[in-house]
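Reminder, nothing fancy here: chain letters follow the sequence lines and each chain counts from 1.
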2 protein chains.
Amino acid sequence: MVAKPKKKSRPVGDPAAFAQAAECLKILAHPVRLRMVQLLLQGRYTVGELAEDCSVPDNVASEHLRLMQRCGFFNSEREGRRVYYQVAEPHLANIMECIESRFLQKK
Amino acid sequence: MVAKPKKKSRPVGDPAAFAQAAECLKILAHPVRLRMVQLLLQGRYTVGELAEDCSVPDNVASEHLRLMQRCGFFNSEREGRRVYYQVAEPHLANIMECIESRFLQKK
DNA sequence: TTGACATATCGTTACATTACGATATATTAA
DNA sequence: TTAATATATCGTAATGTAACGATATGTCAA
């Protein structure tokens, strides 16, 4: 076998990408928003349903959802008086799995 | 017996766990800290080395490292005047991979 | 129409986070 | 010992974020 590399290979990612990743992670880094992501990974929900599950007022839920929509995690569709949110970012499931396996799964 | 209500199965995680997960994610959600995690996943580095790579002053690097040490991501060992940091949380590699695959990897 | 309901937005306030400069501690060399 | 180096900590100021109440918008039913 060859000798061990003396120089560590530089990890991937340019500075701007780190800034963008950090911004999106910051959006994710809120207990109510994490819960919303987890729920929406299972299907679509209205603002009111999400608000109730998360025990926050509707307007607070709406603001959280707007944040996550702005960064591309979700999109929404109005149906009558209700607005349904759903996951738009395919990598969310992956990331959420990682988070669950570390923090959320009971042993 | 009343059979199952046709509810969607509730995703895993109690409220306190979401709070803890959110706190740790918030620590991760900073461009300099993300870069440090990426570097330290490859080996151990001193405060000064990390500071230089990240283009921040030593004291700023030291504060970022302290944060990440407090939440269990890293630990440190002094060797002479230097202090080497290294990854202590096994799930960090996993989570970082998810983040890289979404945000950091060039196509 | 009007009223009720669902959601969104705005203004404000309270609180958290960040970076910075100054200073403190720890270690080694002279 | 003193000086130099490496890291850590502290006080502070600037900025960002979160929640709240009030209000606005959009939709439907009567």
Side chain of [X]: nearest nucleotide among [options]?
| X | options | value |
| --- | --- | --- |
| B/Arg82 | D/dC20, D/dT7, D/dT27 | D/dT7 |
| B/Val83 | C/dA19, D/dA8, C/dA8 | D/dA8 |
| A/Lys26 | D/dG16, D/dT27, D/dT7 | D/dG16 |
| A/Val60 | D/dC20, C/dT17, D/dT7 | D/dC20 |

Check the phosphate of [N] against [X], side-chain N and O only, distance under 4.0 Å to OP1 or OP2. Yes or no?
| X | N | value |
| --- | --- | --- |
| B/Arg81 | D/dT7 | no |
| A/Ser62 | C/dT7 | no |
| A/Arg66 | D/dA18 | no |
| B/Thr46 | D/dT7 | yes |
| B/His64 | C/dT18 | no |
| A/Arg33 | D/dA18 | yes |

Quiz prompt | Neighbour count above 12 (heavy atom, 6.0 Å) for A/Gln69 CD | solution = yes
Quiz prompt | Closest-nucleotide ordering on DNA chain C, the 5'-leading residue of B/Asn59 and A/Tyr85 | solution = A/Tyr85
Quiz item: Between B/Glu23 (CD) and C/dC15 (P), how many Å, whole number?
Solution: 17 Å
